[in-house]
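Basis for what follows: all heavy atoms, side chains included, without hydrogens, waters or symmetry-related copies. We're numbering straight along the sequence, starting at 1.
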Amino acid sequence: MTLKPDQLAEQGKQAFRNKRFDEAAGLFRQAAEAYALDRADLMVAEMRNNLSVALLQADKPQESLDAALDTDGVFAAIKDAKRQGMALGNQAAALEALERYDEAVEKYDLAAQLFADAGEGDLRSMVMKSSAAIKLKTGKLTDSAFKMIGSLDAKENPSLLERILKFFMRFIK
């Protein structure tokens, strides 16, 4: 019996939740191929992003990047800033794992702007922190501090520690 794309996707999500990342990747790949046969481009892009995350968790960053590449364009075409930002964030995470830091920062920054446009402050904060961490790791401390301040400003419900950090970081602006 052949499984339908949505069944494959659901099994992939279950495998991912159970930390069976290689199995999840295989199921997401099958789901993407099945959706492609149905010409369901949005779902193909969604499954390719799920595949990208599973592959990154399985320590396969180049395959992760390959899976997510160009999916942001599918979401841009329908003006879905949140999913476009997520696709760029997936690409950035893979680039970061590949130690292609400048490209990763560029993608994270684009994702942050899209999340801001979509009103997704917590997602924006998350990608800005990732960008700041790369800047810190690569010795670009000033840029890192400004990105960290921006990520704290973007957070919708900062913790007490984040509010304190935000207070002190104002003095280095």
Just to verify, what does F16 make a ring-ring contact (aromatic ring centres under 6.0 Å, His included) with, not counting sequence neighbours?
F21
Residues which pass side-chain contact (heavy atoms from CB on, under 4.5 Å) with [X], listed by chain and number, not counting sequence neighbours:
X	result
M86	K82, F115
L98	P61, Q62, L65, R100
Q30	L8

Apply side-chain hydrogen bond (donor to acceptor under 3.5 Å, both in side chains) to the pair T71 and N49, showing each step before the final yes or no.
CA-CA 7 Å; T71 59; N49 274 286; 3.0 Å; yes
Verify the distance criterion only: is there a donor paired with an acceptor across the side chains of Y35 and E46 at less than 3.5 Å?
no
Does one side chain, of Q113 or D109, offer a donor that lies under 3.5 Å from an acceptor on the other?
no
When you look at R48 and D70, which way does the salt bridge (charged side-chain N to carboxylate O under 4.0 Å, His left out) test go after all the steps?
CA-CA 10 Å; R48 285 181 52 204; D70 302 322; 5.4 Å; no
Over 12 foreign heavy atoms within 6.0 Å of CD, Q57
yes
Side chain to side chain donor-acceptor pair (under 3.5 Å): which pairs involve residues 1-10, sequence neighbours left out?
E10-R17
Considering only heavy atoms from C-beta outward, does the side chain of R29 approach that of L55 to under 4.5 Å?
yes
Using salt bridge (charged side-chain N to carboxylate O under 4.0 Å, His left out) as the criterion, list what pairs up with E99, not counting sequence neighbours.
none
Is the backbone N or O of F75 less than 3.5 Å from a side-chain atom of Q84, with the two atoms forming a donor-acceptor pair by type?
no
